[in-house]
Amino acid sequence: MENNQVLKLTIQDNAVAIIELQRPEARNALNLELRQALSTTFQELSKNENVRAIVLTGGEKVFAAGADIKDFTTATTSEMYLRHTEQYWQSIVDCPKPIIAAVNGYALGGGCELAMHADIIIAGSNAKFGQPEVKLGLMPGAGGTQRLLRAIGKFQTMLMVLTGKMIEAAEAKQMGLVSEVVESEQTIAHALEIAANIAALSPIAVQQIKEVTNLGQDMSLQSALTLERKAFQLLFDTQDQKEGVNAFFEKRPANYQGK
Ligand code: DAK
């Protein structure tokens, strides 16, 4: 377990890592320190062979209330540009391992954008999603307009980003913004269960599936289908693929080594 002031990292024996944001006094607002810590942690976990799936959570009460608004009070355009905060988000985008967001309470602005960097979103029934930047005379800046658009379509996106309206968990599920809604006390446990299931599968297959699914949504269908087929073929050169097929016929659980 690794602790710094704004984030707690736990790596379990089952190859599941848990990242918990820890700025409760500011509703887990993403200040520079927290963004840097997230970035470094995702870089470390990407390389750590003992980690096969990652759960990202803000804990029981709040996921994240967005960027730290204190960082915006006097900032000028050139200061904002020179902060290059996109580099911190990029470490999450580049993480090849599956990320499961466990969202309780508010996921607003950069918090909603952070959740959308995950591959699976488990929401507690108390979760609330929103992009309220417009109410601050701003707009989403870490993918809010574009990731929402791809997840829920133009008209639901426009309603959220133009009004700053908050969406409850059940509605978010209906829209396609979350994968599953569970009782709030169960959010983290359920995300951990899904992560454990994925961590027991072949990490090479899992990572190929993540990569192809994410890349494919911005490609033409024909190119994406070709990418998918090539990745499928590539898996035949892995020991895990042979192990998976043999285990099926031998009626035993597969033991995937990631080779
Ligand atoms: N920043 C800083 N402090 C925050 C905060 C935030 N986003 N959200 C809450 N806090 C602080 C409050 O100021 C308060 O501090 P004290 O007064 O106790 O010192 C404490 O947390 C508790 O907040 P509340 O008293 O307001 O708590 P409630 O439970 O009543 O309400 C709330 C919770 C989350 C509904 C409310 O605090 C709220 O509306 N917060 C602001 C939400 C918001 O507007 N978020 C969007 C921020 S803009 C970019 C990347 C990302 C972004 C931009 C650019 N680049 C890569 C370029 C992202 C932008 C944003 O997210």
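Atoms within a ligand are numbered from 1 in the order they appear, just like the ligands themselves. Basis for what follows: all heavy atoms, side chains included, without hydrogens, waters or symmetry-related copies. Source: prediction; values computed, not measured.
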Trainee: Specify the closest pair of heavy atoms between A118 and I100, including all atoms of both residues, with the distance to one decimal.
Mentor: CB-C, 4.4 Å
Trainee: How would you list all residue pairs meeting ring-ring contact (aromatic ring centres under 6.0 Å, His included) that involve residues 100-158, not counting sequence neighbours?
Mentor: W89-H117
Trainee: List in chain and number order the residues that pass side-chain hydrogen bond (donor to acceptor under 3.5 Å, both in side chains) with E113, two or more places apart in sequence or in another chain; answer none if no residue qualifies.
Mentor: none
Trainee: Do any side-chain atoms of residues 137-147 form donor-acceptor pairs under 3.5 angstrom with protein atoms, and if so which ones, sequence neighbours left out?
Mentor:
from	atom 1	to	atom 2	distance (Å)
Q146	OE1	R150	NH1	3.2

Trainee: Give the protein residues with at least one non-hydrogen atom closer than 4.0 Å to an atom of ligand 1, ordered by chain and number.
Mentor: E25, A26, R27, A29, R35, A65, G66, A67, D68, I69, F72, T85, W89, Y106, L108, G109, G110, E113, P132, E133, L136, G141, A142
Trainee: Distance only, no hydrogens: is a donor on one side chain within 3.5 Å (strictly under) of an acceptor on the other, for Q36 and Y88?
Mentor: yes
Trainee: Tell me, yes or no, whether the heavy-atom count around K173 atom NZ, taken from other residues, nucleotides or ligands under 6.0 Å, exceeds 12.
Mentor: no
